[in-house]
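What follows is a single structure, written as structure tokens, with notes after it.
First the proteins, then the strands, lettered A, B, ... as listed; each starts at 1. Side-chain atoms are counted along with the backbone in the values below, which use heavy atoms only and exclude waters and symmetry mates.
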Amino acid sequence: MKYKSIKGTKDILPDESYIWIEVENRIRNIMHTYNYKEIRTPIFEETKLFARGIGEFTDIVGKEMYTFVDRGGDSLTLKPELTASVIRAYIQHNLGEKQPLTKVYYISPAFRQERPQAGRLRQFHQFGAEAIGSKYPIVDAEIISLSSKIYESFGIKNYKIKINSVGCEVCRNEYKTILKKFLFEISDKLSPESQKRINVNPMRILDSKDEDDIKATKDAPLILNYLCDDCKNHFNQLEELLNFLDIKFEVDGRIVRGLDYYTKTAFEIISTELGSQDALAGGGRYDLLIKELGGKDTPAVGFAAGMERLLMVLQKQNQNKFQAPKPKVFIAYTDQSFEKITFNLAHKLRSNGISCEFDFLKRSLKSQMREANRQNSDYVIVIGEEEINSNWLQVKNMRTGEIQKVGIENLENYFLGLDE
RNA sequence: GUGUCCAUAGUUCAGUUGGUUAGAACGCCAGGUUGUGGCCCUGGAAGUCGAGGGUUCAAGUCCCUCUGGACACCCCA
């Protein structure tokens, strides 16, 4: 085979695309019920935006981005996540000046050059939402409510919401010092990987999957006990709000977000049925990002979720039974000389918004009937000598097998009346 | 980037210690008397056995390299 899709990319073929469309539509509907409006940003941005926004030393920026130099000599990057782009647009278009709180959502491809595995592709799709402009925990609660509502509405079972606070600049740094001290003391019991991370990213060690790490850090200090009053208060209020809405969650002091910009609230929605990449969605508050990217000091919260992962769970739980598009009417003809008349009839029906199909391969009537069946069309009309002479058409209902005679002048109305 | 396993018709898979024209099922195509699908029956098309190299009288089968896939690490949605 000469040409193949790039490693870690996937074609969404016709027998699957309708599922994507349906899922996207439902996500949009839920976003709209929460009054979030869609924002679409370009597929690539200046490389610096991500380096600045996500963090120079994160793995995403350091080794996973698709970065290239364009013909003008500028360094550009295919977006590895959406928040940085959304915030760039927010700042660039002064959205904060039009209203104090901006609520936007997106459904978009994103790109990371990682080794593909279950639930991970190099071109993948994320949906998510950002609420920009409020520092109050009720927005954090809305974001969590919104993200979990999406999974709930698809009938997904076995997902968990885990929340944590990663503190603010002040209390997190104090905590990191304490944590590092603890980790150094037990460093001989940690995995080699984690030993290297003590200075670089100590909080990540608490999230390690390594057995030794898990054992060794069993009694590690957790940030929740070291939050400053403001952060502690914020977290308590969030818990209270979630309880008030009856949203089930777990507090997990070990959740860490991979992107540098998070402050205070961090949360994840995980599924027990996803294999190793078990996060359906992740998000949290990022009060420092907008200023970091050159905007005004503006608080914000958001979440990002993986489309492919949602689709995986839907399939595993057999919840992806959506209706594939199909023609309402299939027009079959008994002789090739009626092909043009058939085309013309199809044209009329289509002009009236009635989806229909006919044969393009000059096949036998039997083959056309089989085709109509395969297409799952609701009705079949047969065009032949008699019909053309009499102007009465036989309309066969493919569910019941019943055949009705319909005058050609009433045909559109017949099908439109059946709509509903 | 690391590791393990894998790669044969459109799809899912067989293919015996290396040995004639590489098989099955499903799918696809055409038929099963004059103008009606789904089941059934008959027939048919379809594979550079992932790519390249090597060993051998002989390679789908053994060896090497590459590419791709699955899963895990890493990282993260």
Side-chain angles (χ1 to χ4, degrees), chain A residues 1-10 13 15 54 57-65 80-83 106-122 124-128 147 191-194 196-197 201 204 207-211 213 255-259 267-271 274-284 302-313 330-335 338 361 363-388 394-403:
Chain A
M1 201 175 307
K2 193 160 183 195
Y3 294 111
K4 281 189 284 192
S5 57
I6 305 299
K7 179 177 185 155
T9 66
K10 206 177 141 258
L13 300 175
D15 62 359
I54 299 170
F57 303 108
T58 59
D59 277 24
I60 294 182
V61 172
K63 38 191 190 193
E64 295 173 1
M65 295 202 305
E81 58 105 41
L82 274 291
T83 303
Y106 54 79
I107 302 177
S108 164
F111 306 84
R112 290 181 204 173
Q113 189 164 359
E114 300 176 274
R115 190 82 164 253
Q117 78 183 73
R120 177 198 283 165
L121 290 170
R122 290 185 168 186
F124 59 107
H125 299 77
Q126 289 195 327
F127 61 92
S147 52
S191 66
E193 282 283 349
S194 289
K196 279 183 230 157
R197 290 191 294 195
N201 198 349
R204 195 88 242 177
D207 203 23
S208 172
K209 287 176 192 166
D210 187 278
E211 290 287 340
D213 289 347
I255 291 182
V256 187
R257 305 274 69 223
L259 290 59
F267 78 96
E268 273 180 10
I269 298 182
I270 60 156
S271 165
L274 271 185
S276 174
Q277 304 302 316
D278 62 355
L280 285 168
F303 82 92
M307 269 294 262
E308 284 83 358
R309 293 184 188 178
L310 168 56
L311 290 163
M312 276 170 78
V313 187
F330 191 99
I331 310 170
Y333 49 90
T334 60
D335 186 281
F338 304 138
L361 302 172
R363 284 181 283 185
S364 67
L365 185 61
K366 185 188 190 83
S367 290
Q368 293 180 61
M369 289 305 293
R370 284 183 174 158
E371 183 64 33
N373 189 58
R374 174 179 24 227
Q375 296 283 343
N376 200 19
S377 69
D378 295 322
Y379 298 93
V380 170
I381 298 171
V382 179
I383 299 291
E385 199 84 39
E386 291 170 33
E387 286 77 13
I388 289 170
Q394 292 187 28
V395 177
K396 178 166 187 173
N397 181 320
M398 293 292 275
R399 305 281 160 269
T400 62
E402 166 196 19
I403 295 177

Output field dot_bracket for RNA chain B (Watson-Crick or G-U, both distances under 3.5 Å, | for other-strand pairs) contains (((((((..((((.....[...)))).(((((.......))))).....(((((..]....))))))))))))....
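Across all their heavy atoms, A:Pro116 and A:Arg122 have their closest contact at CD-NE, 4.1 Å.
The interatomic distance linking A:Ile270 (CD1) with B:C75 (P) rounds to 17 Å, in whole Å. Going from atom NZ of A:Lys63 over to atom C1' of B:C73 covers 12 Å, rounded to whole Å. The distance from atom CG of A:Asp207 to atom P of B:C74 is 10 Å, rounded to the nearest whole Å. For the pair A:Ile381 CD1 and B:G35 C1', the interatomic distance rounds to 15 Å; values are reported in whole Å. Rounded to an integer number of Å, the gap from CZ of A:Phe111 to C1' of B:A77 is 15 Å. Look at NZ on A:Lys209: it is 19 Å from P on B:G3, rounded to the nearest Å. Note: CG (A:Leu361) to P (B:A30) measures 8 Å, nearest angstrom. Distance CD1 (A:Ile255) to C1' (B:A77): 14 Å, rounded to an integer number of Å.
Applying the side chain to side chain contact (heavy atoms under 4.5 Å, CB included) test between A:Phe124 and each of A:Arg112, A:Met307, A:Lys10 identifies A:Arg112 as the sole match.
For B:U11 and B:G27, the C1' atoms lie 7 Å apart once the distance is rounded to whole Å. To the nearest whole angstrom, the two P atoms, one in B:G18 and one in B:A58, are 15 Å apart. Look at the C1' atom in both B:G60 and B:A9: the space between them is 14 Å, to the nearest Å. A distance of about 33 Å separates the P atoms of B:C41 and B:U21, rounded to the whole Å. A distance of about 13 Å separates the P atoms of B:A25 and B:C40, rounded to the whole Å. Only the P atoms considered, B:U42 is 32 Å distant from B:G50, to the nearest whole Å. Separating the P atom of B:A14 from that of B:G32 is a span of 38 Å, rounded to the nearest Å. Comparing B:U67 with B:A51, their P atoms sit 15 Å apart, to the nearest whole Å.
If you check every strand for non-hydrogen atoms under 4.0 Å, A:Glu268 touches nothing. Residue-level contact check: A:Glu64 touches the backbone only, with heavy atoms under 4.0 Å from sugar-phosphate atoms and none from bases. Counting non-hydrogen atoms under 4.0 angstrom, A:Gln368 reaches nothing in the nucleic acid. Note on A:Phe330: nothing from the nucleic acid sits closer than 4.0 angstrom, heavy atoms only. Residue contacts for A:Leu280: at a heavy-atom cut-off of 4.0 Å it reaches the sugar-phosphate backbone alone, with no base atom in range. Residue-level contact check: A:Gly283 touches neither bases nor backbone, having no heavy atom under 4.0 Å from any strand. Counting non-hydrogen atoms under 4.0 angstrom, A:Ala372 reaches nothing in the nucleic acid.
The aromatic rings of A:Phe303 and A:Phe127 stand perpendicular to each other, their planes meeting at an angle above 60°, with 30° marking the opposite boundary.
Between the side chain of A:Arg309 and the backbone N or O of A:Gly119 there is at least one donor-acceptor pair closer than 3.5 Å. Listed for the A:Glu114 side chain is no donor-acceptor partner under 3.5 Å among the backbone atoms of A:Leu121. No donor-acceptor distance shorter than 3.5 angstrom exists from the side chain of A:Gln375 to the backbone of A:Ala372, with no hydrogens or angles considered. The main-chain N or O of A:Ser191 is found under 3.5 Å from a side-chain atom of A:Asp213 such that the two form a donor-acceptor pair.
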For nucleotides 68-70 of chain B, tabulate all protein N/O to nucleotide N/O atom pairs closer than 3.5 Å, reporting atom names and distance.
unit_1, atom_1, unit_2, atom_2, d
B:G69, OP1, A:Gly8, N, 2.9

Considering only nitrogen or oxygen atoms on both sides, find all protein atoms under 3.5 Å from nucleotides 36-38 of chain B and state each distance.
unit_1, atom_1, unit_2, atom_2, d
B:U36, O2', A:Lys396, NZ, 2.9
B:U36, O4, A:Gln394, OE1, 2.5
B:G37, O2', A:Asn373, ND2, 3.4
B:G37, N7, A:Lys396, NZ, 2.9
B:G37, N1, A:Met398, O, 2.5
B:G37, N2, A:Asn373, OD1, 2.9
B:G37, N2, A:Met398, O, 2.9
B:G37, N3, A:Asn373, OD1, 3.0
B:G38, O4', A:Asn373, ND2, 3.0

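With a 4.5 Å cut-off on side-chain heavy atoms, A:Ser276 and A:Gln117 count as touching. No side-chain heavy atom of A:Ile270 sits under 4.5 Å from any side-chain heavy atom of A:Leu280. Residues A:Val382 and A:Lys396 are not in side-chain contact: their nearest non-hydrogen atoms beyond the backbone lie 4.5 Å or more apart. Contact annotation: the side chain of A:Asp378 never approaches that of A:Met398 to less than 4.5 Å [non-hydrogen atoms, C-beta and beyond]. At least one side-chain heavy atom of A:Gln368 sits less than 4.5 Å from a side-chain heavy atom of A:Tyr333.
Between the side chains of A:Ser271 and A:Asp278, no donor N or O sits under 3.5 Å from an acceptor N or O. For the residue pair A:Arg197/A:Ser194, the side-chain donor-acceptor check at 3.5 Å is satisfied.
Nearest-nucleotide positions on RNA chain B for A:Leu274 and A:Gly306 put A:Leu274 closer to the 5' end.
Taking side-chain N and O atoms only, A:Ser364 has a distance below 4.0 Å to OP1 or OP2 of B:G31. Taking only side-chain nitrogens and oxygens, A:Ser367 never comes nearer than 4.0 Å to OP1 or OP2 of B:C29.
With its glycosidic angle within 90° of 0, B:G38 adopts the syn conformation.
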